[in-house]
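Take a look at the structure set out below.
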Amino acid sequence: MIDFHQRVETKWQERWEREGTFRAPDLPEGPRFYCLEMLPYPSGRIHMGHVRNYSIGDVVARFRRRRGFTVMHPIGWDALGLPAENAALERGAHPADWTNRNIEHMRRQLRRLGFSYDWDREFATCDPAYYRWNQWFFLKMRERGLAYRKNGPVNWCPRCETVLANEQVEAGHCWRCEAVVISRDLPQWFLRITDYADELLEAMEEMPGWPHKVLLLQRNWIGRSEGAEIRFSIPELGGDGEVPVFTTRVDTIYGATALVLAPEHPAARALADRAPEVAEFIAVAMSKRAAAAHPGGEETGKTGVDTGFRAVNPFSGEEIPVFVGDYVLMEYGTGAVMAVPAHDERDYEFAKKYGIPIRPVVIPNDPEAPRAEDGAFFEYGTVVDSGSFSGLPTEEAKTAMAEHARAGGYGGPKIAWRFRDWGISRQRYWGTPIPMIHCRDCGEVPVPEKDLPVELPRDVEITGMGGSALSKIDSWNRVDCPVCGAGARRETDTMDTFVDSSWYFYRYLDPRNDQAPFDAEKARAWFPIDLYIGGVEHAILHLIYCRFWTRVMRDLGLVANDEPVVRQLSQGMVIKDGAKMSKSKGNVVDPDAVVERHGADAIRLYVLFESPPEKEMDWTDARLAGPARYLGRLDRRIPGDAEWLAGTSLPTGEEIFEPSDLALRRKTHQTIRRVTRDLEQRLHPNTAIAAIMELTSAVSQRLPEAASDGSRRAVREAVEAVVSLLNPMAPHLTEELWERLGGERMLVHSPWPEYDEEIARDEQVLVVLQVNGKLRGRLEAPAGLEGGALVALARANPGIRRHLEGLTVRRVVTVPDRLVNFVAS
RNA sequence: GCCGGAGUGGCGGAAUGGCAGACGCACGGGACUCAAAAUCCCGCGGCCCUUGGGGCCGUGAGGGUUCGACCCCCUCCUCCGGCACCA
């Protein structure tokens with residue numbers, strides 16, 4: 001048996017490869033389907049998450065091909081990234097060699113699982129032929145002002161004197177030397193993704209093919225917030241002395257009893273020059289912030305300092321104290337807030353601590369609503385004690401007051417975003433070099449397009465200490481300035497690997513193009529992607545970045561579509577014993593071992609059958625037995641009858657059928673309908689497989705050769721349907737059985753079975769009989785029976801008669817072909 | 001804290017207003033076998049009644065809408081995920 005599945009699976013894999021069965025044309029004719037799964041990081045071995053992800057994608061790709069679509073189903077490698085450098089550190093392997101070895105191994109693993117990829121389109125993102133286009137895009141973005149350099153915080157290990165990735169910071173300490181990690185500002189490159197915030201958010205209204213959950217996560221991440229900007233003035237500051245604040249509750253402005261600045265705020269620094277205690281507070285706050293900048297940093301309680309200066313509320317003319325407070329974030333809004341303790345929880349906490357007055361200016365509409373003794377109340381209500389605005393409900397007051405500020409020239413409506421620009425600089429070796437040159441005289445100079453790609457030097461020493469490895473390679477680092485020719489230095493930062501994965505799916509269409517990232521005509525022909533499958537963990541970053549990148553490409557005239565993906569499926573994690581599989585927990589199941597023992601079809605069928613794709617799936621060895629047994633059963637039974645089955649044709653409808661033949665045919669056509677819908681619309685292979693198993697049981701009982709021609713043909717039809725429908729899930733065994741059943745072409749080239757509504761229709765239906773909604777009987781009735789005839793039959797039912805005894809029927813609810821419910825008392 | 005999602009037999013799940021538990025695992029019984037494995041057949045939510053058969057309860061808890069609720073609405077509990085001083 002073990003030998004058998006290995007022989008069969010190898011046989012078909014070799015044939016598919018020899019014949020180029022899954023090769024996709026550059027330009028499709030007729031209906032096309034782009035089926036994509038997230039490309040793997042070549043970490044060393046395929047894991048169960050991959051098996052699940054790629055099995056689901058493969059079912060769809062194979063199903064669509066047989067439905068007559070020209071299918072694009074590619075695969076590649078997300079090959080740049082930190083683990084390769086760690087391998088270099090740990091075992092001295094060069095990142096490139098380590099990566100390539102892993103790719104080779106994992107490619108073999110994927111082939112063994114029988115996925116229907118067009119391997120001719122495979123590429124790895126670490127190939128300079130690919131990442132040169134990352135560089136090209138970067139230059140294009142810079143030309144358009146979409147890439148810029150500014151200071152940004154990084155995790156810094158003072159002992160190793162190097163930047164750490166977030167994953168290298170463990171509970172606030174360096175993963176290698178355990179020194180306390182601090183936050184440090186370095187000049188870094190950013191992409192202006194916030195320019196697209198509005199567009200990215202709005203487009204989500206029209207993305208019905210994306211999971212609700214993913215859209216929500218992205219909406220929260222973008223964090224659009226409508227409010228107002230109001231300029232307070234600090235007369236003693238001199239100049240215009242104005243400090244804008246952002247608020248979503250302008251309606252509470254008459255209750256503002258302080259102005260609070262972020263420690264990094266320029267006005268705070270200006271005040272610090274004149275007040276030493278402010279300077280001291282800022283220094284302390286900044287160092288605390290640095291320590292808390294990483295995961296695991298402790299939450300600090302709100303602290304602040306009264307600067308002694310006063311600000312003027314432009315609405316009331318009132319003077320209020322100016323504080324510097326560490327609960328105000330420089331990155332959000334304007335970096336300054338008006339503190340309204342009576343109507344904001346954070347301000348309330350801060351005010352309690354520093355004795356700032358609490359002045360209610362909004363009262364609840366419901367007098368019973370709970371409210372603190374001092375009037376603190378954080379919901380919407382009615383504005384009071386607020387000049388001419390008193391008496392307005394919150395909503396109206398917000399609009400009126402924002403307008404008032406605009407008319408008065410000290411503010412107006414404003415939208416704030418939580419979304420930040422995308423920092424892409426990484427102080428690492430194994431990434432795409434950022435194609436910039438720093439010249440003493442000319443400043444930032446882009447590498448001329450003709451000099452792309454800027455290739456990573458092969459000779460590198462990775463120590464993990466003393467700054468980025470690239471910065472230490474002088475021969476690579478020193479260049480002549482492309483503008484003035486003087487000696488200059490290369491940018492030594494490399495790009496975030498999320499850049500690589502933001503557009504790779506376009507490259508599959510044209511993987512060897514050396515004139516452009518891809519041919520625009522091919523992109524027009526294949527895009528958008530019809531289905532994109534990957535783990536939920538990419539719901540935010542990757543799936544926003546790639547939407548952004550597509551829009552940039554659109555603006556560059558490269559693509560015609562706004563969105564890259566029509567339908568997205570976020571598949572659940574594979575866990576074991578209730579926890580994510582990991583080496584440290586010792587609960588890793590190696591797919592290779594399972595394939596070795598049970599075959600690729602069995603592992604595929606198991607992961608598909610175990611639970612619906614979007615749900616988490618708990619791997620249980622014992623449960624593999626079910627699907628594996630099922631395949632064994634098919635494999636044992638069908639060949640025994642293959643000879644006569646192969647010699648029997650499908651029914652034409654002219655034959656004489658026994659009732660049992662008609663029942664079997666009905667089941668067959670119902671199953672085709674069910675499986676087609678499950679795979680096409682619901683993307684639920686689990687229920688599709690269950691339906692095929694049912695049909696298998698039904699036909700098994702009929703398998704020994706029957707006497708009548710009608711019976712034989714009905715059986716032939718059912719067996720053929722089982723094999724044909726199961727094919728996307730278990731492609732090897734079904735191909736083998738198909739051949740034995742006398743299939744002329746390979747199953748992958750045979751059309752998906754069609755069902756006939758007439759044949760699928762039930763003639764007899766089971767009607768449920770209820771009294772007062774309780775099940776009291778069942779009735780086999782001819783389909784389509786309704787009204788009086790149905791009720792009469794129902795009344796005759798013994799169970800119904802018994803339960804209606806002594807009761808008066810008030811009403812009868814009938815649903816034809818489903819139920820009759822007597823409402824009686 | 002805020003925003004989501006999910007709670008169904010011993011287990012994975014099915015049914016998304018109309019027979020709750022399809023399909024599968026595990027388990028029990030039987031057949032085959034000297035025996036075991038494999039395979040095949042039957043049974044399998046709980047409680048109760050004297051059987052055929054029937055009754056009652058049952059989809060996290062409580063309430064509501066409906067002729068009828070796992071499904072829709074409200075309140076609560078538990079678990080999981082995301083964000084986390086976002087003004």
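What's counted below: heavy atoms across the whole structure, side chains too, no hydrogens, waters or symmetry copies. Reminder, nothing fancy here: chain letters follow the sequence lines and each chain counts from 1.
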Checklist entry - Under a 3.5 Å cut-off for both distances, is B/rU78 Watson-Crick or wobble paired, and to whom? => result B/rA6

Item to check | Carboxylate-amine/guanidinium contact A/R637 A/D641, below 4.0 Å | outcome: no

Next on the checklist: Can you tell me if A/R219 touches the phosphate of B/rG82, counting only side-chain N or O atoms and a distance under 4.0 Å to OP1 or OP2?
Outcome noted: no

Next on the checklist: Has A/N821 got a side-chain atom pairing as donor or acceptor with A/V813's backbone, closer than 3.5 angstrom?
Outcome noted: no

Checklist entry - Is the distance from OP1 or OP2 of B/rC40 to the nearest side-chain N or O of A/R633 less than 4.0 Å? => result yes

Next on the checklist: Below 30° counts as parallel, above 60° as perpendicular, anything between as tilted: where do the rings of A/F378 and A/Y348 land?
Outcome noted: perpendicular

Checklist entry - If you measure from the P atom in B/rA38 to the same atom in B/rA26, how many Å do you get, rounded? => result 10 Å

Checklist entry - Once you round it to whole Å, what is the distance between C1' of B/rG82 and CD of A/E537? => result 13 Å

Item to check | Presence of A/N686 side-chain N/O under 4.0 Å of B/rA14 phosphate oxygens OP1/OP2 | outcome: yes

Next on the checklist: Assess the residue pair A/W422 and A/F190 against the criterion (ring pair (Phe, Tyr, Trp, His ring centres under 6.0 Å)); give the C-alpha distance rounded to whole Å, side-chain angles, the decisive distance to 0.1 Å, and a yes or no.
Outcome noted: CA-CA 5 Å; A/W422 175 12; A/F190 288 84; over 10 Å; no

Checklist outcome for this item: Of the candidates B/rU39, B/rA84, B/rG13, the side chain of A/R418 sits closest to B/rA84

Checklist entry - More 5' along RNA chain B: A/T248 or A/A622, using each one's nearest nucleotide? => result A/A622

Checklist entry - On a whole-Å scale, what distance lies between the C1' atoms belonging to B/rA36 and B/rU51? => result 39 Å

Checklist entry - Reckon A/R682 has a side-chain N or O less than 4.0 Å from the OP1 or OP2 of B/rU16? => result no

Checklist entry - What form does the base of B/rG82 take, syn (within 90° of 0) or anti? => result anti

Item to check | Atom-to-atom span, CZ of A/R637 to C1' of B/rU39 - whole angstrom | outcome: 10 Å

Item to check | Euclidean distance for P, B/rC56 against B/rG17 (whole angstrom) | outcome: 27 Å

Next on the checklist: Let's see if you can work this out: which of B/rG12, B/rC23, B/rG82 has an atom nearest to the side-chain heavy atoms of A/E694?
Outcome noted: B/rC23

Next on the checklist: Taking only side-chain N and O atoms of A/K615, does any of them lie within less than 4.0 angstrom of OP1 or OP2 on B/rA6?
Outcome noted: no

Item to check | Given RNA chain B, 5'-ward residue of the pair A/K213 and A/F246, judged by closest heavy atom | outcome: A/K213

Checklist outcome for this item: Ranking B/rC25, B/rA15, B/rC67 by distance to the side chain of A/R629, first place goes to B/rC25

Checklist entry - So what's B/rA20 paired with, Watson-Crick or G-U wobble, going by both distances under 3.5 Å? => result none

Next on the checklist: Between P on B/rC85 and CZ on A/F350, what's the gap in Å once rounded to a whole number?
Outcome noted: 16 Å

Next on the checklist: Categorize A/V328 for me: base, sugar-phosphate, or nothing, with a 4.0 angstrom heavy-atom threshold over every strand shown.
Outcome noted: base

Checklist entry - With a non-hydrogen cut-off below 4.0 angstrom, is A/R810 in contact with a base, only sugar-phosphate, or nothing? => result nothing

Checklist entry - Just checking A/H803: base, sugar-phosphate only, or nothing, at a heavy-atom cut-off of under 4.0 Å? => result sugar-phosphate

Checklist outcome for this item: Rounded to the nearest 0.5 angstrom, the OG1-CZ distance for A/T687 and A/R682 is 4.0 Å

Checklist outcome for this item: All heavy atoms of A/T248 vs all of A/S225, minimum pair found to be CG2-OG, 3.4 Å

Checklist entry - NA contact type, A/I689, heavy-atom cut-off 4.0 Å: base, sugar-phosphate, or nothing? => result nothing

Checklist entry - Would you say A/M338 and A/T247 make side-chain contact, with heavy atoms under 4.5 Å? => result yes

Checklist entry - Within the structure shown, what part of the strands sits under 4.0 Å from A/V813 by heavy-atom distance: base, sugar-phosphate, or nothing? => result base

Checklist entry - Near A/K580 NZ, under 6.0 Å, is it more than 12 heavy atoms from other residues, nucleotides or ligands? => result no

Checklist entry - Considering every strand shown, what is the Watson-Crick or G-U wobble mate of B/rG1 when both distances are under 3.5 Å? => result B/rC83

Item to check | Of the listed nucleotides B/rC85, B/rA84, B/rG4, the one nearest the side chain of A/L216 | outcome: B/rG4

Item to check | Nucleotide B/rA69, atom P - distance to NZ of A/K774 in whole Å | outcome: 9 Å

Checklist entry - What's the CD-C1' distance between A/E345 and B/rC2, to the nearest Å? => result 10 Å

Checklist entry - Passes ring pair (Phe, Tyr, Trp, His ring centres under 6.0 Å), A/W619 versus A/Y606? Steps please. => result CA-CA 9 Å; A/W619 178 280; A/Y606 168 58; 4.8 Å; yes

Checklist outcome for this item: By the Watson-Crick or G-U definition, both distances under 3.5 Å, B/rA35 is matched with none

Item to check | Nearest to side-chain heavy atoms of A/A690, which nucleotide of B/rC25, B/rG68, B/rC23 | outcome: B/rC23

Checklist entry - Taking the same atom, P, in B/rU16 and in B/rC67, what whole-Å distance lies between them? => result 22 Å

Item to check | Interatomic distance at P, B/rG10 relative to B/rA22, whole Å | outcome: 14 Å

Checklist entry - Got a donor-acceptor pair under 3.5 Å from the side chain of A/R623 to the base of B/rC11? => result yes

Checklist entry - Over how many whole Å does the gap from A/I544 atom CD1 to B/rG82 atom P extend? => result 16 Å

Next on the checklist: For A/Y410 and A/F232, I'd like to know if the aromatic rings sit close, meaning centre-to-centre distance below 6.0 Å.
Outcome noted: no

Checklist entry - Considering Watson-Crick and G-U wobble pairs with both distances under 3.5 Å, what does B/rA69 pair with? => result none

Item to check | Pair of N/O donor and acceptor under 3.5 Å linking B/rC67 base with A/R811 side chain | outcome: no

Checklist entry - With rounding to whole Å, what would you report as the distance between B/rG18 and B/rC83 at their P atoms? => result 37 Å

Next on the checklist: Heavy atoms only, 4.0 Å cut-off, all strands: where does A/L217 land among base, sugar-phosphate and nothing?
Outcome noted: sugar-phosphate

Checklist outcome for this item: Answer for the Watson-Crick or wobble partner of B/rC47, both distances under 3.5 Å, is B/rG55

Item to check | Pairwise C1' distance for B/rG45 and B/rU50, with rounding to whole Å | outcome: 24 Å

Checklist entry - B/rA87, B/rG24, B/rA14: which one has an atom nearest the side-chain heavy atoms of A/M693? => result B/rG24

Checklist outcome for this item: Separation of B/rG4 atom C1' from A/N220 atom CG, nearest Å, is 8 Å

Next on the checklist: What is the distance, to the nearest angstrom, from the CZ atom on A/R801 to the P atom on B/rG54?
Outcome noted: 15 Å

Checklist entry - For B/rA87, does OP1 or OP2 lie under 4.0 Å from any side-chain N or O of A/S225? => result yes

Next on the checklist: What contact category does A/E610 fall into here, base, sugar-phosphate, or nothing, at under 4.0 angstrom with non-hydrogen atoms?
Outcome noted: sugar-phosphate

Checklist entry - If you measure from the C1' atom in B/rA14 to the same atom in B/rG9, how many Å do you get, rounded? => result 13 Å

Checklist entry - Of all the nucleotides listed (B/rA87, B/rG18, B/rA14), which has the minimum atom distance to the side chain of A/N821? => result B/rG18

Next on the checklist: Below the 4.0 Å mark, does B/rC56 have OP1 or OP2 next to a side-chain nitrogen or oxygen of A/R776?
Outcome noted: yes

